[in-house]
Colleague: 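Quick one: this structure, given as structure tokens, is what I'll be asking you about.
Atom set for the values below is all heavy atoms of this structure, side chains included, hydrogens, waters and symmetry mates excluded. Computed from a predicted model, the values in this text were never measured in an experiment.
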Amino acid sequence: MTADDLVRAGRVARLDLPADASGKERSVAVGFAERPDGALLVAAGSAEAVWARALEAEPQVGVTIGDRSFRASTALLADDDPRRAIAIRELILRYGTPSERLGRGPVFVLTPLGSSPSE
């Protein structure tokens, strides 16, 4: 299965990142945990992950999961934020042991903008 197949199936989210220095549009498929309020928790396995560094600098990102596309605000979670541990636990439970390295990188909450995550 390709990353696009996994996005269409709702298994991962595609984040549309801002253009890089050359002006090239970028997107990345990442695992996510969805909160009851519609917010998504995503985590990187390394502080060096290019997509995570892009999210640190960008207040909003485009998100696609299945047939839903929306804009979301991005917020880096502090090491002592309880949502950080929740995100890592939920991602490990959802995706299995390859997710265990997620505690080494930044964790973000992506909050849908507007009244509905499907906007």
Colleague: Between Tyr95 (side chain only) and Phe32 (backbone N and O only), is there a donor and an acceptor less than 3.5 Å apart?
Modeller: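 Yes; judged by distance alone, with no hydrogens or angles, the pair exists.
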Colleague: Identify all side-chain donor-acceptor contacts of residues 48-61 below 3.5 Å with residues at least two apart in sequence or on another chain.
Modeller:
| unit_1 | atom_1 | unit_2 | atom_2 | d |
| --- | --- | --- | --- | --- |
| Glu48 | OE1 | Arg53 | NH1 | 3.3 |

Colleague: How far apart are the closest heavy atoms of Val42 and Gly31, and which atoms are they?
Modeller: CG1-O, 3.5 Å
Colleague: Nearest 0.5 angstrom please: Glu90 CD to Leu93 CG, how far?
Modeller: 7.5 Å
Colleague: Can you give me every donor-acceptor pair (side chain of residues 4-15, partner residue at least two apart or in another chain, under 3.5 Å) with its distance?
Modeller:
| unit_1 | atom_1 | unit_2 | atom_2 | d |
| --- | --- | --- | --- | --- |
| Asp5 | OD1 | Arg8 | NH2 | 2.6 |
| Asp5 | OD2 | Thr2 | N | 3.2 |
| Asp5 | OD2 | Thr2 | OG1 | 3.2 |
| Arg11 | NH2 | Arg94 | O | 3.2 |
| Arg14 | NE | Asp16 | OD1 | 3.4 |
| Arg14 | NH2 | Thr64 | OG1 | 3.3 |

Colleague: Say you draw a straight line from CD of Glu34 to CG of Leu110; how long is it, rounded to the nearest 0.5 Å?
Modeller: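 That separation rounds to 11.0 Å.
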Colleague: Which heavy-atom pair separates Val107 from Ala87 by the least distance, and what is that distance?
Modeller: CG1-CB, 3.7 Å
Colleague: Are Leu113 and Thr111 close enough, and set up right, to give a side-chain contact (heavy atoms from CB on, under 4.5 Å), and what steps lead you there?
Modeller: CA-CA 6 Å; Leu113 299 172; Thr111 305; over 6 Å; no
Colleague: I need the Thr74 OG1 to Leu40 CG distance, nearest 0.5 Å.
Modeller: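 Here the interatomic distance stands at 12.0 Å.
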Colleague: Can we say Arg83 and Asp81 salt-bridge, meaning some charged N sits less than 4.0 Å from an Asp/Glu carboxylate O?
Modeller: yes
Colleague: Considering only heavy atoms from C-beta outward, does the side chain of Val109 approach that of Leu77 to under 4.5 Å?
Modeller: yes
